[in-house]
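Data first, discussion second: the structure below is written as structure tokens.
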Amino acid sequence: MTDSKNKPAPRPTIKAVRGTRDLLPDQTPLWNRVEATTRAVFSRYGFGEIRTPVFEATELFARGVGEETDIVSKEMFTWEDRARAASEKAQNLTLRPESTAGVVRAYIEHKLGETGQLQKLYYIGPQFRRERPQRGRYRQFWQIGAEVIGPQTSGAESPLRDAEVLEMLASLLDELGIRDWKLELNSVGNAEDRARFNVALREALAPVKDQMCPDNQRRAETNPLRVLDSKEEADQEIINALPKIADYLGEESREHFEQVKAALDACGVPYHVNPRLVRGLDYYTRTTFEFTVTTGLGTQNALLGGGRYDGLSEMLGGPKAPGIGFAIGEDRLILTLQAQAEADAAASGIAPAEPKLDVYIAPLGIAQNPAALKLARELRREGLSVEVGDGSFKIGKSFGFADKLARHIILLGEDEVATNILTVKSFATGEQRKISRAELIGAL
RNA sequence: GCGGCUAUAGUUCAGUGGCAGAACGCCGCUCUGUGGCAGCGGAUGUCGUGGGUUCGAACCCCACUAGCCGCCCCA
């Protein structure tokens with residue numbers, strides 16, 4: 001006679017934290033397809049997988065990504081690790097906001113350059129940025145990235161590598177079925193070019209920066225390059241009049257860029273040179289690029305971005321090791337594919353079929369449960385996908401479940417267990433047959 | 001970090017001060033070894049959280065949280 005209105009004391013429910021989310025089984029097949037395709041494509045180009053830690057010393061990102069970038073200055077999940085002994089120093093740690101710095105750290109730490117070989121490394125994994133969540137922008141998000149890095153003698157600096165990476169990305173997006181991608185390409189020059197350009201830019205900005213928005217005024221001071229890709233309407237006239245990086249490229253950088261473009265032309269990979277494409281991370285030199293799409297992402301239309309980082313290894317205290325790499329926003333890739341699939345379904349009026357199991361086994365009565373599980377075990381071992389009902393279910397209920405889950409139902413009553421002649425009904429045809437256990441696999 | 005919009009059943013959503021609703025889905029029965037279709041019946045719920053106004057709040061006000069959209073930035 002307990003009072004059913006006596007509800008348990010309310011407890012606050014725990015939810016996924018802001019900007020994070022669960023990927024349920026209706027989502028993960030697409031993720032797995034994307035990742036499997038990526039691995040297959042990358043391995044055809046000689047890339048091997050690297051797995052680095054999801055957290056690193058904060059210093060790595062400060063030096064690698066750049067102290068003045070938004071990522072480092074305001075978007076990192078950083079904490080002070082407890083010192084476990086008086087003699088131990090507390091360490092400042094950070095959840096990785098991107099993976100290139102970590103990969104290059106590993107390259108240096110494991111002396112991969114000493115092999116003399118070009119290293120082609122890829123990764124797939126979560127990254128963390130403390131930004132305001134939005135469509136296609138999460139606080140835990142996934143990136144698929146690859147890096148080509150090695151000593152100069154390995155050919156890591158060759159424009160061939162830039163073109164190969166870009167061609168690989170074009171092939172990957174094609175193979176995944178991304179239909180409307182666009183490659184934006186630019187060169188920001190080598191360290192010397194950038195230094196000269198920065199001086200010229202500062203000179204040009206000095207008399208006009210007061211007329212610009214506060215953000216651009218700040219950038220004019222801290223990172224003048226970033227003024228160039230500002231989208232602030234009111235400042236566009238001023239920005240268009242600023243010096244162009246292309247005019248400050250040295251002969252070497254210019255020639256490098258020309259060769260990248262020539263190789264892309266030869267491969268038939270379309271691109272648009274965008275002189276204002278300046279990527280946000282400090283380590284980029286020479287080639288920079290971005291692939292954008294028009295479906296599914298709204299204003300977060302950059303699907304992936306990357307570029308060359310010839311000085312990064314040295315910035316991290318390693319040997320000279322030119323490299324080029326990119327990071328694909330996997331979440332955005334998935335959103336794009338989903339948006340395309342929805343558009344296709346709407347156009348054709350055909351909803352994609354749900355995947356079904358091969359067999360649903362319905363024991364009729366709990367006495368048949370052990371036999372049902374035994375049969376399931378055997379069929380699964382022979383490679384079939386199988387679900388087992390419970391003998392307490394009414395037969396109608398079993399059919400209901402079976403029809404949703406599987407292509408065939410096997411009824412397992414006393415007779416079937418005793419004779420080893422199974423009753424099998426196929427939902428596609430509605431046909432019901434008696435099949436001996438020995439002939440079952442062939443009959444399905 | 002800034003601005004706008006939003007939050008009601010499992011889902012999509014209606015409800016603008018007076019009994020908490022619809023569709024789909026779910027459960028039961030018609031039908032105890034035959035599902036889908038159909039008929040009948042049923043449950044959907046702290047109306048995001050906390051406070052305030054009011055005789056009375058899903059509705060008005062405030063704060064918070066979360067989501068979406070945009071800005072910033074980035075993948």
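Throughout, a chain's letter reflects where its sequence line sits, starting with A, and its residues are numbered from 1.
Going from the C1' atom of B:C27 to that of B:U46 covers 23 Å, rounded to whole Å. Straight-line distance between the C1' atoms of B:C72 and B:C64: roughly 24 Å, to the nearest whole Å. Rounded to the nearest Å, the gap between the C1' atom of B:G25 and that of B:G36 is 15 Å. Here, B:G17 and B:A58 have their C1' atoms 11 Å apart, quoted to the whole Å. Spacing of C1' atoms, B:C60 relative to B:G39, comes out at 45 Å, to the nearest Å. Comparing the P positions of B:U16 and B:C59 gives a spacing of 12 Å, expressed to the nearest Å. For the P atom pair drawn from B:A43 and B:A38, the interatomic distance equals 22 Å after rounding to whole Å. The gap from the C1' atom of B:C19 to that of B:C47 amounts to 15 Å, rounded to the nearest Å.
With a 3.5 Å ceiling on both atom-pair distances, the Watson-Crick or G-U wobble partner of B:A23 is B:U11. Here B:G36 sits opposite no nucleotide as a Watson-Crick or G-U wobble pair (both hydrogen-bonding atom distances under 3.5 Å). Base pairing annotation: B:G50 forms a Watson-Crick or G-U wobble pair with B:C62, both donor-acceptor distances under 3.5 Å. Summarising the base pairing, B:A57 is matched to no nucleotide, lacking a Watson-Crick or G-U wobble pair whose two defining distances lie under 3.5 Å. Look at B:G1: its Watson-Crick or wobble partner, with both distances under 3.5 angstrom, is B:C71.
If you take CZ of A:R137 and P of B:G1, they are 12 Å apart, rounded to a whole angstrom. One can place CZ of A:R135 at 16 Å from C1' of B:C5, the figure rounded to the nearest angstrom. The separation between A:L405 atom CG and B:G36 atom P is 15 Å, rounded to whole Å. In this structure, CD of A:Q134 is placed 13 Å from C1' of B:G1, rounded to the nearest angstrom. Put simply, CZ on A:R129 is 14 Å from C1' on B:C72, counting in whole angstrom units. With rounding to whole Å, A:I409 atom CD1 is found 10 Å from B:G33 atom C1'. Distance A:D331 CG to B:G67 P: 14 Å, rounded to the nearest Å. If you measure from atom CD1 of A:I395 to atom P of B:G33, you get 7 Å, rounded to the nearest angstrom.
Contact annotation for A:D70: backbone-only contact, meaning every heavy-atom pair under 4.0 Å involves sugar-phosphate atoms and none involves a base. Residue contacts shown for A:A402 are absent, as no nucleic acid heavy atom lies under 4.0 Å away. Across all strands shown, A:T423 has heavy atoms under 4.0 Å from base atoms, whether or not it also approaches the sugar-phosphate. If you check every strand for non-hydrogen atoms under 4.0 Å, A:R332 touches a base. Nucleic acid contact for A:F393: none, since no nucleic acid atom lies under 4.0 Å from a heavy atom of the residue. The residue A:E98 sits apart from the nucleic acid: no heavy atom pair falls under 4.0 Å. In this structure, A:E131 reaches the bases: a heavy-atom distance under 4.0 Å links it to at least one base atom across the strands shown.
Remark: A:R276 does not engage A:E184 in a salt bridge, criterion side-chain N to carboxylate O under 4.0 Å. A salt bridge links A:D344 to A:R179: at least one charged side-chain nitrogen sits closer than 4.0 Å to a carboxylate oxygen.
Toward the 5′ end of RNA chain B lies the nearest nucleotide of A:F427, the other residue of the pair A:F427 and A:I71 mapping further downstream. If you find the closest nucleotide of RNA chain B to A:R130 and to A:E416, the one lying nearer the 5' end belongs to A:R130.
For the 3.5 Å distance criterion, the side chains of A:N186 and A:T288 fail to qualify, holding no donor opposite an acceptor. A:S253 and A:D193 form a side-chain donor-acceptor contact under 3.5 Å, judged by distance and modelled atom types alone. Side chains of A:T100 and A:E147: a donor on one and an acceptor on the other come within 3.5 Å.
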Please enumerate all protein N or O atoms sitting under 3.5 Å from an N or O of nucleotides 6-12 of chain B, with distances to 0.1 Å.
none

Please write out each protein N/O paired with an N/O of nucleotides 25-29 of chain B under 3.5 Å, distance rounded to 0.1 Å.
from  : atom 1 : to     : atom 2 : distance (Å)
B:C26 : OP1    : A:K404 : NZ     : 2.9
B:C29 : OP1    : A:K394 : NZ     : 2.2

Which atom pairs link the protein and nucleotides 63-66 of chain B when you take only N or O atoms and keep those under 3.5 Å?
from  : atom 1 : to    : atom 2 : distance (Å)
B:A66 : OP2    : A:R18 : NH1    : 3.3

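Of the residues in residues 301-310 of chain A, A:A302, A:L303, A:L304, A:G305 come within less than 4.0 Å of RNA chain B through at least one heavy atom, sorted by number.
Residues passing the ring-ring contact (aromatic ring centres under 6.0 Å, His included) test with A:F399: none are found, sequence neighbours excluded. Applying the side-chain hydrogen bond (donor to acceptor under 3.5 Å, both in side chains) rule to A:T419 yields no partners; only residues at least two apart in sequence or on another chain are considered. A:E109 is linked by a side-chain hydrogen bond (donor to acceptor under 3.5 Å, both in side chains) to A:R105, counting only residues two or more places apart in sequence or in another chain. A search for side-chain hydrogen bond (donor to acceptor under 3.5 Å, both in side chains) contacts involving A:K74 returns A:D70, not counting sequence neighbours.
The list of salt bridge (charged side-chain N to carboxylate O under 4.0 Å, His left out) pairs with a residue in residues 432-444 of chain A, not counting sequence neighbours, reads A:E378-A:R437, A:E382-A:R437, A:E416-A:K434, A:E431-A:R433. Judged as a side chain to side chain donor-acceptor pair (under 3.5 Å), the pairs with a partner in residues 15-27 of chain A (not counting sequence neighbours) are, in order, A:R21-A:D331. Sorted by first and then second residue, the pairs that involve residues 129-142 of chain A and meet side chain to side chain donor-acceptor pair (under 3.5 Å), not counting sequence neighbours, are A:Q134-A:Q300. The list of salt bridge (charged side-chain N to carboxylate O under 4.0 Å, His left out) pairs with a residue in residues 290-307 of chain A, not counting sequence neighbours, reads A:R279-A:E290.
Ring planes of A:F401 and A:Y360: tilted class, angle from 30 to 60°.
Distances were taken from every side-chain heavy atom of A:P133 (C-beta onward) to each of B:C71, B:U34, B:G67; the shortest belongs to B:G67.
Rounding to the nearest 0.5 Å gives a distance of 13.5 Å between CD1 of A:I124 and CD1 of A:I50. Separation of atoms CZ (A:F141) and CD (A:E98) is listed at 9.0 Å; rounding is to 0.5 Å.
Here A:Y309 and A:Y283 bring their ring centres to under 6.0 angstrom of each other.
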